[in-house]
Amino acid sequence: MSIEVRSLNFSYGPRQVLRDIIFDIEPAQTLAILGPNGSGKTTLLNIIVGSLAQTSGSIIYEGKTFKHFNPRKMAQLVGYVPQTIIPVFDYSVIDYVVTGCAPQIGTFERPQEKHYDIAMKYIREMGIEHLAEKSYRQISGGERQQVSIARALAQCPTYILMDEPTSHLDFGNQIRVLKTIRQLAQSGFGVVFTTHNPDHALLVGGKAAIIDRSGKLTFGNSHQLINEALLSELYGVALCIKNIEGSDRKICFAPYLSKGENEYEDNNEHP
Amino acid sequence: MLLAIGITLFLFVLAALTMGRYSMNPFDVLRAIHARVTDIPTNDSMEVILFRIRLPRVIASLLVGAALSMSGAVYQSTFRNPLISPDLLRVSSGASMGAVVAIFWGASFQAIPVFAFAGGIMAVLLATSLPKILRNSSNMMLVLSGIVISGFMSSVVGVMMMLSREQDQLSAIVFWQMGSLTRINYSQLVVVTPIFLACITIMILISWRLNILSFGEQEALSVGVNIKRLRWIAIACASLLTASAVSISGTIGWIGLVIPHFGRLLCGSDNTKLLPISALLGGAFLLVIDTIARVATTFELPLSILVGLIGAPFFAWLLHRHKVKII
C-alpha cells in the first residue's frame, strides 16, 4: 500500500511553507525530494513522521489517516534517519541501534537478547560490525549515517525517510549512501530522501518531487520531471542536464560560474 | 561494579554507626543489630543511641543522597543537558519557601517537612503550568519559567527573613537552607520511604526509554516513544523524589548535579546502569558527609558547607585524574 499525501498545507505562523501538496510514497520505490534552502523539505518529512502537525490536509495509509496511528504504530510503518546528530551523552553503536527495536519493547521493559540479535543483524547488513562496540560520538560522519540507517532498519518499518543523507559526507560516502538507498528500495522498502544535489535524484532514478519557493510540489519520474529549465528556475542559477554518450546516465551540472567561461554557454539559454 | 559499590557502602554504614561522641566498636554494633533482629532486647544506653539516634540518620542520609543524585541523572537525560540539577524546576526554592513560612509562623518541627514538601511540589506545578498558559511547550520555556518562579520564591524567603525578629527563627531558617539531618526521626522516614521506593522503582523501569529520550525528541519520536508521557513520568518521579528528600534534609546543593557525572565515569551514560550506580554513589557520598558533620566538631555542621568544602576538591581531583570530557 502507498502512503497518500493529500492537499497538505503547512504554515509557520503567517508564512505558508507547504501549499496544497499531493503525492504518493510507494513501497519498493525511491522518492527524491528536491528544493532550495528553506523550501520545506525537512518540514515535509517531519509532518510525515508526525513530529509536526499539518495546518490542513491529510496523510493516508490503508484508508486511515495518520492521525489515527499512535507513536508505536507510526514507528512500525515509517523509520526515520535524521541528519546526523551527535548526542549529548555517549553510547555504544550497538546500544544506539537497538533503540530501533523500541516499538516492540514495552514502556517499562528493556531490550532482550533477541533485540540485540536484530540490531546486530542490521549492523552486519550495513557492513559495520567492526563499529558495534565503538562509541557513537567517536565514529566518522559517514559511519554515523550507516549506523542511523541500521537503526531505522531495526525498526522493521515499511518506509524509510532520510533527511539529507548525503550532506556532511565525502564524495565516496555520498555515492555509497545512494547505492544503499537503491538497494533498500530493491529489497522492498519505500525510501524517501531529501537532497540538495539534483544529480543524486538522477543517479538513483525512481520518483522525484520538487518543492519550489512558493511551497508547491511537483511530482513524477525523476528522469522526466527533472529538466534544465525547471532546475535553473528552481535554484536561480544556470544548470545543464546532459546524456553521457554510450550510456543512459543523465548528469546535472553547472556549466560555468560566470558567463563566457566555456563552450556550453553558446548551446544553452538560461536566465 | 554494583557489588563492589554495595560492599563499600555496607562498610561505610558500619563505620558511620560506630562513630560519634559515644564511640562503639563494630562488633558491638553487629551484635546489637543481631540482638534486635532476633528479638532479644538488651536495652542498654548503647542500643538507644544506635537505634534511636544514629540508625535513622544513616538511613536518611542514604535515602536523601540516593534521591538527589538519581533525580539529577533523570533530569539530565530528560532535558538532554548534562549541566542541570534536580533543581531545574525549582523544587528546592519552593521547599525553602514552604519551610521558611512554617518556621516564620512558628509551626512545630514536625510540621516543617510537610510545608517544605508542599512548597516544593507547588513550585514544580507552577513551573510546568506556566509554559502551558503561555502556549509554548519548549524545554527552553520550561527552564525560563523555573527561573521566574524561583525569583519570586526567593524574594518571599527574603521578606520572611527580614520580618523575622527573633534570632533563633532566623538561624533556624539559615540552618534549614544549608541542609541538615539533625532532626530526623523514624516517623519522617516512615512517611518518605514509600515515596522514595515508588519513585526509584518507576525511574529504574523507564531507564532504558530515558536513553532514547536523551538522543533527542525527534529520534525518540521516530522509534515510537510517547515523548510527552515519558517526559511527564520522568519529571513527576524526579520532582516528587527531590521534594521528599529536601523536605526532611533541607536544601543540599550540588549532589544532584555532580554525582551523576561521577557515575558516568564509572559506567558510561546508559541509564539502566547509571541510575542504580548514581543512587549508590549519592547515598554513600552523603553518608560520609553527614558522618563528618556529626563527628568533626562539637556542634553540627550544615551539610551544604561540607559538601562544598570536601566534595568540590575531591571532584576537581577526580576530573583532573580522568582527564574527563563531560560534554
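Throughout, protein chains are lettered first and strands after them, A, B, ... in sequence-line order, and every chain is numbered starting at 1. This is a predicted model, so every value here is computed, not measured.
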Novice: Distance check, rounded to the nearest 0.5 Å: A:Arg110 atom CZ versus B:Leu205 atom CG?
Specialist: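 With rounding to 0.5 Å, CZ (A:Arg110) is 7.5 Å from CG (B:Leu205).
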Novice: Testing the basics here: between B:Ser214 and A:Tyr91, what is the closest heavy-atom pair and its distance to 0.1 Å?
Specialist: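 Looking at all heavy atoms of both residues, the closest pair is OG-OH, 3.0 Å.
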Novice: Using every non-hydrogen atom in the two residues, find where A:Ala75 and B:Gly224 come nearest and quote the distance to one decimal.
Specialist: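 Here A:Ala75 and B:Gly224 meet closest at CB-N, 3.3 Å.
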Novice: Quick one: what part of B:Asn211 sits under 4.5 Å from any heavy atom of chain A, side chain, backbone, both or neither?
Specialist: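 Both parts, backbone and side chain.
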Novice: Looking at every heavy atom in both B:Gln218 and A:Asn46, which two are closest together, and how far apart are they?
Specialist: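 Taking B:Gln218 first and A:Asn46 second, the nearest heavy atoms are OE1-OD1, 3.1 Å.
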Novice: Please look at A:Tyr96 and chain B and tell me whether the side chain, the backbone, both or neither of the residue comes under 4.5 angstrom of a heavy atom of that chain.
Specialist: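 Contact with chain B: backbone and side chain both.
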Novice: Give the intermediate values and the outcome of side chain to side chain contact (heavy atoms under 4.5 Å, CB included) for residues B:Asp270 and A:Asp95.
Specialist: CA-CA 8 Å; B:Asp270 181 355; A:Asp95 278 340; 4.3 Å; yes
Novice: Does the side chain of A:Pro87 come within less than 4.5 Å of B:Glu219's, by heavy atoms?
Specialist: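 In short, these two side chains do not touch, never coming nearer than 4.5 Å.
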Novice: Taking side chain as everything from C-beta outward and backbone as N, CA, C, O, which of these in A:Gln76 sits under 4.5 Å from a heavy atom of chain B? Side chain, backbone, both or neither.
Specialist: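 For A:Gln76, there is no contact with chain B at all, as no heavy atom is under 4.5 Å.
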Novice: Tell me the closest heavy-atom pair linking A:Phe89 and B:Gln76, and the distance in Å.
Specialist: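 Looking at all heavy atoms of both residues, the shortest contact is CE1-O, 3.4 Å.
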Novice: Go through the atoms of B:Arg209 and report whether side chain, backbone, both or neither lie under 4.5 Å from a heavy atom of chain A.
Specialist: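 Only the side chain of B:Arg209 comes within 4.5 Å of chain A.
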Novice: Counting only non-hydrogen atoms closer than 4.5 Å, does A:Val81 touch chain B with its backbone (N, CA, C, O), its side chain (CB onward), both, or neither?
Specialist: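 Neither part; nothing is under 4.5 Å.
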Novice: Taking all non-hydrogen atoms of both residues into account, name the closest pair between B:Val225 and A:Pro71 and its distance.
Specialist: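 Reported closest heavy-atom pair: O-CB, 4.1 Å.
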Novice: Near A:His130 NE2, under 6.0 Å, is it more than 12 heavy atoms from other residues, nucleotides or ligands?
Specialist: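 Yes.
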Novice: With a cut-off of 3.5 Å and sequence neighbours excluded, list every side-chain donor-acceptor pair involving residues 227-235 of chain B.
Specialist:
| from | atom 1 | to | atom 2 | distance (Å) |
| --- | --- | --- | --- | --- |
| B:Arg229 | NH2 | A:Thr107 | OG1 | 3.1 |
| B:Arg231 | NH1 | B:Asn139 | OD1 | 3.1 |
| B:Arg231 | NH1 | B:Glu217 | OE2 | 2.7 |

Novice: With a 4.5 angstrom heavy-atom cut-off, could you sort out which part of A:Ile105 is near chain B: side chain, backbone, both or neither?
Specialist: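 Answer is both: backbone and side chain atoms of A:Ile105 are under 4.5 Å from chain B.
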Novice: Which atoms form the tightest heavy-atom contact between A:Arg151 and B:Ser222, and what is the distance?
Specialist: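 The answer is NH2-OG, 3.2 Å.
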